[in-house]
Amino acid sequence: MFSLGYFEWFNHQLLSYDTLTHIWFLLLGVLITGYAILDGFDLGVGMLHPFIAKDDRERRLVMNSIGPLWDGNEVWLVTFGGALFAAFPNAYATVFSSFYTAFFLLLTCLIGRAVSLEFRSKVHEPVWRRFWDFGFFLSSFTAALLLGIAGGNIMAGMELGAKFHYEGSLLSQVYWYPLLVGAMTTSLFALHGAIYLYLKTEDELQARVKRVILPLFFVFCGVYTVVSIATWWHVPHATDNLFSAPMLWIVPVLNFFAVLNIPRAMHLGRPGYAFFTSTMVIAALACLFSVAIFPNLMLSNLADEYTITIYNGRSSHQTLWTMLVIAIIGIPCVLSYTVVIYWIFRGKVQLDPNSY
Amino acid sequence: MDVEILSRLQFAGTIMFHYLFPPLSIGLGLQLFLCELMYFRTRDLAWEAAARFWTRVFAVNFAMGVATGIVMEFEFGTNWAVYSRFVGDVFGSALAAEGIFAFFLESGFLAVLVFGWDRVGPKMHLFSTLMVFLGSMFSAVWIVVANSWQQTPAGYHVVFHDVQGELMPRAEITDFWAMVFNPSSVDRLTHTLIGALVLGAFFVASVCSFYLLKGKHEEVARRCMKIALPSALLFSLAAAMSGHDSAQKLVETQPAKLAAMEAHFETTDQPTGLWLFGWPDTASETVKFGVQVPAMLSFMVYNDPARPVPGMDQIPIDERPPVWLPFQTFHLMVGLGTLMILVSATACWFWFRGNLIEKRKLMWAIIVMPLAAMTANQAGWITAEVGRQPWIVYPSTQDGVEMMGLKTADGLSESVTAEQVLSSIILFAVIYSLLFAVWIFVLNNKIQHGPESPQELAEYKAKIGKGDMADLIEHRGTSRGHGMMDEGVL
């Protein structure tokens with residue numbers, strides 16, 4: 001059995017408890033960004049699929065464009081959950097018990113998506129297929145919306161009372177601001193998914209996909225602008241970190257250019273570049289979100305001292321360190337086989353006997 | 001009903017439903033890998049047809065496991081927030097390790113396994129199958145480690161943190177490897193994994209017996225039986241041995257659980273007997289309608305027929321687990337285990353003699369054996385978890401210091417109401433019933449359709465070689481059961 005001794009030395013020499021805490025805040029950000037980017041496009045594909053595909057063959061093409069990938073994409077969320085549990089157990093416990101009902105709805109959606117994909121193709125009956133088609137659309141749409149609603153609530157703060165005890169309810173979580181953020185994530189994922197579909201399809205289907213990209217882009221831009229203004233007005237503390245560290249303005253500026261670059265790249269006829277750009281938009285938005293909430297994980301609207309920060313929410317020094325070692329060993333493995341899988345399934349989607 | 005009962009029901013229900021699928025994934029994963037390995041070595045198309053067939057069954061089962069597994073991970077936070085705070089430092093790291101070491105591996109290579117048949121070479125495909133199988137094993141490793149730590153905690157200390165004026169306890173890691181290799185993890189893991197392998201072997205044997213009885217797909221079925229029957233016997237025997245080992249440790253680590261499993265109420269100076277069956281009654285502390293083998297428990301636990309085993313009276317009243325349920329589930333598990341050994345041993349014998357197919361009753365017994373294996377897995381799980389009560393984290397002694405445990409009743413989320421839990425139970429009851437029905441339906445469809453014959457597979461491969469893929473796809477969807485090309489569909 002090898003020991004952590006060598007690492008131990010490195011740990012105590014170079015990393016303080018606070019540094020480790022910041023590293024974990026960053027790593028969680030990476031995990032949730034990875035999730036939004038990867039599951040973002042397959043949620044988008046799910047949302048678009050009833051509108052884009054005309055017949056059964058096209059529906060199958062659309063579904064199989066994400067066939068080998070969606071399961072791995074969802075693992076990012078699962079790993080985020082595990083890592084949050086380990087690194088910031090107080091935040092994990094409070095966030096998930098506060099979002100109780102919303103979270104069970106999200107879980108229902110994730111289950112619904114998995115089984116819609118898996119079961120749809122198993123029977124040749126139009127009614128059966130229509131049922132799972134609808135399930136696939138509804139669960140993808142609702143999941144994207146709920147993720148945005150949760151993000152909006154985390155931004156704006158929630159009724160968090162003494163001793164991490166949540167005092168609000170589902171109704172106090174669903175009001176105009178989180179709904180707006182939900183509309184933004186939904187439109188962004190739809191756009192991201194459309195560009196992905198454009199990459200994976202051909203001929204007539206591809207032409208149809210192309211026609212929706214620009215309208216989706218304008219919808220997203222509209223909602224994005226409204227959300228930015230609303231955040232300025234409703235969540236004034238969101239810009240605190242930007243003003244205290246002006247260097248960070250580079251994130252919204254880059255985000256702005258990235259957004260504009262999407263129609264440019266499509267116009268240039270470089271859809272791969274456009275997809276990369278929409279990936280960057282999601283990454284930039286996730287960075288903005290992290291900058292806005294840092295160092296809070298769950299802000300209390302009731303009193304400042306009830307807020308869960310990364311300092312009062314974290315686990316012990318030893319655990320953060322052990323987890324970092326796990327991450328250092330695990331992440332290169334994960335990245336390498338992710339690359340291998342995406343490489344094997346590169347190119348235009350084709351149906352074969354193993355497809356859904 | 002109150003939040004505690006509802007949350008416990010919800011957890012028990014969702015985890016038992018989830019636990020239908022991972023053991024089958026692990027067990028089938030091995031059978032699948034062996035089929036592919038045989039194909040790889042012999043280049044006999046019947047083996048490839050078998051591997052393609054089991055892959056389709058595996059994929060449906062795997063999707064169910066993933067879908068229901070996500071619920072488990074987040075249920076700790078939603079329903080058991082106080083527990084999550086207490087153990088996050090320890091339990092969370094095992095869960096995160098599961099994500100990074102197991103889930104990415106299995107979900108990634110599953111894509112190659114299921115969708116990669118005609119895209120990657122046989123070597124890469126074999127490798128992917130192995131990775132998926134290993135991934136599902138690693139997943140079990142970390143989850144059983146986390147669970148075992150709750151049963152027999154080690155490598156931690158309890159630290160009190162000041163939260164707005166109140167001191168709140170938390171378990172924190174002091175020694176990662178002591179946490180991972182806590183006193184029960186290796187035994188429990190071995191037993192759990194073997195239980196999964198038994199299920200997989202019997203599942204394959206069951207489907208193949210069905211084909212052989214009906215005279216369908218005989219070529220493929222005969223080959224799979226050759227792997228499935230011996231492994232069913234081997235793993236059933238191993239399960240009995242590892243179960244015996246676990247029970248021997250139990251007397252030191254969790255005597256209350258052992259006493260409950262055996263309905264051993266009173267400690268005496270006499271050797272302790274073993275109940276073969278019975279109906280324990282906690283109120284009168286007796287076992288009704290039971291048959292007991294004298295001194296057997298002493299012999300089993302201590303290898304010494306004279307040494308008495310401590311009973312329930314050694315445990316403080318408020319720390320005693322329920323007796324009836326662990327007793328019955330434990331005896332059910334042991335009974336089914338014995339049955340599986342007998343059936344697989346007899347089947348192997350007749351298979352070796354070459355006349356198994358004539359023994360129709362035995363063939364039917366093999367067909368229903370997966371149900372026995374599944375029931376035994378579930379029963380074992382209930383014994384382990386109910387026997388742990390009323391503790392969610394067992395109290396322990398670390399370096400001579402008594403550590404506090406956490407009672408299940410104290411682990412709940414404070415902000416969650418009974419209505420919320422009840423409505424989520426109803427929601428999940430509806431979804432899970434639907435899922436279960438669909439799963440059975442699809443599984444049945446796949447088994448009815450069966451593997452393609454080696455000839456069909458050969459024709460198909462020849463067409464792929466000529467690039468007639470588009471032509472092949474045109475044919476699909478027009479009628480049912482149209483051979484190879486209908487395959488992804490049925």
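The figures here come from the full heavy-atom set of this structure, side chains too, leaving out hydrogens, waters and symmetry mates. Letters A, B, ... mirror the listed sequences (proteins, then strands); counts begin at 1.
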| Between B/Gly69, B/Ala63, B/Ala67, the one whose heavy-atom pairs under 4.5 Å with chain A are most numerous | B/Ala67

| B/Gln420 side, atom CD; A/Ser97 side, atom OG - distance, nearest 0.5 Å | 9.5 Å

| request: Kindly state whether the ring of B/Phe74 and the ring of A/Phe104 have centres lying under 6.0 angstrom apart. | output: no

| query | Of the backbone (N, CA, C, O) and the side chain (C-beta and beyond), which part of B/Leu105 lies under 4.5 Å from a heavy atom of chain A, both, or neither? | reply | both

| Heavy-atom proximity to chain B below 4.5 Å, by part of A/Val115 | side chain

| said: Return the CG to CG distance between B/Asp89 and A/Leu320, rounded to the nearest 0.5 Å. | reply: 7.5 Å

| remark: Cut-off 4.5 Å, heavy atoms of chain A, and the answer for B/Val112 is both

| message | For the interface with chain B, which of A/Cys333, A/Pro89, A/Ala162, A/Ala93 has the highest count of heavy-atom pairs at distances below 4.5 Å? | response | A/Ala93

| field | CZ (B/Phe436) with more than 12 external heavy atoms under 6.0 Å | value | no

| Interatomic distance, B/Phe103 atom CZ to A/Asp71 atom CG [nearest 0.5 angstrom] | 10.0 Å

| Is the B/Phe109 to A/Tyr337 ring centre distance short of 6.0 Å? | yes

| Quick one: what part of B/Phe76 sits under 4.5 Å from any heavy atom of chain A, side chain, backbone, both or neither? | both

| Per-residue contact mode, B/Ile173 against chain A (heavy atom under 4.5 angstrom) | both

| field | Interatomic spacing from CD in A/Gln318 to OG1 in B/Thr174 - rounded to 0.5 Å | value | 7.5 Å

| said: Can you tell me which portion of B/Leu427 sits under 4.5 Å from chain A's heavy atoms? Options are side chain, backbone, both or neither. | reply: side chain

| request: Check the surroundings of atom CG in A/Asp304: do more than 12 heavy atoms from other residues, nucleotides or ligands lie under 6.0 Å from it? | output: no

| said: Counting only non-hydrogen atoms closer than 4.5 Å, does B/Val71 touch chain A with its backbone (N, CA, C, O), its side chain (CB onward), both, or neither? | reply: both

| task | Check each atom of B/Met179 against the heavy atoms of chain A and say whether the ones under 4.5 Å are side chain, backbone, both or neither. | result | neither

| note | So CG of A/Leu31 and CD1 of B/Ile100: to nearest 0.5 Å the spacing works out to 7.0 Å

| Max heavy-atom pair count under 4.5 Å with chain B, selected residue of A/Thr94, A/Asn73, A/Leu84 | A/Thr94

| query | For B/Val159, is it the side chain, the backbone, both, or neither that has a heavy atom closer than 4.5 Å to a heavy atom of chain A? | reply | neither

| How about B/Trp439 and A/Phe119: are their ring centres within less than 6.0 Å of each other? | no

| Contacting region of B/Met168 [heavy-atom separation from chain A under 4.5 Å] | side chain

| task | Kindly say whether the aromatic ring centers of B/Phe441 and A/Trp128 come within a distance under 6.0 Å. | result | yes

| query | Which bit of B/Tyr432 is near chain A, if near means a heavy-atom gap under 4.5 Å: side chain, backbone, both or neither? | reply | side chain

